[in-house]
Amino acid sequence: MEPACRKDKPKLNSTPTRGDRAKQKSAQQELKQRQRAEIYALNKVMTELEQQQFEAFCKQMQSQGES
């Protein structure tokens, strides 16, 4: 005899299905691509800023040398 307090619970399927795994992998790849694009864009902006600062520094050094 089973105890009266025991109830059968439906088992939760914790393992992801093939479709879920594919969706998760696809979402992960999209996130990676987006992050990579953001990093490249930031790198471009920082490189341009560094170049501007270097040119300003060179002009300043030239003007000090001429004085």
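Note that these values count all heavy atoms, side chains included, but never hydrogens, waters or copies made by symmetry. Note that the structure is a prediction, hence the values are computed from the model and not measured.
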If I take atom CZ from residue F54 and atom NZ from residue K59, how far apart are they, to the nearest 0.5 angstrom? 12.5 Å
Would you give the length of the straight line joining atom OG1 of T17 to atom NZ of K23, rounded to the nearest 0.5 angstrom? 7.5 Å
Using the side chain to side chain contact (heavy atoms under 4.5 Å, CB included) rule, take Q24 and D20 through it: C-alpha gap first, then chi angles, then the decisive distance, then the call. CA-CA 6 Å; Q24 189 176 19; D20 290 342; over 6 Å; no
Counting only N and O atoms by type, is there a donor-acceptor contact under 3.5 Å from the side chain of S26 to the main-chain atoms of A22? no
Please determine whether the number of non-hydrogen atoms from other residues, nucleotides or ligands lying under 6.0 Å from atom CD of E50 exceeds 12. no
Does either side chain, that of Q51 or that of E55, offer a donor lying less than 3.5 Å from an acceptor on the other one? yes
M46 side chain reached by L42 side chain, heavy atoms, under 4.5 Å: yes
With sequence neighbours excluded, what pairs up with Y40 under the side-chain contact (heavy atoms from CB on, under 4.5 Å) test? R36
Should E30 and R34 be marked as a salt bridge (Lys or Arg N to Asp or Glu O under 4.0 Å) after you check the CA-CA gap, both sets of side-chain angles, and the distance that decides it? CA-CA 6 Å; E30 286 177 22; R34 181 173 172 232; over 6 Å; no
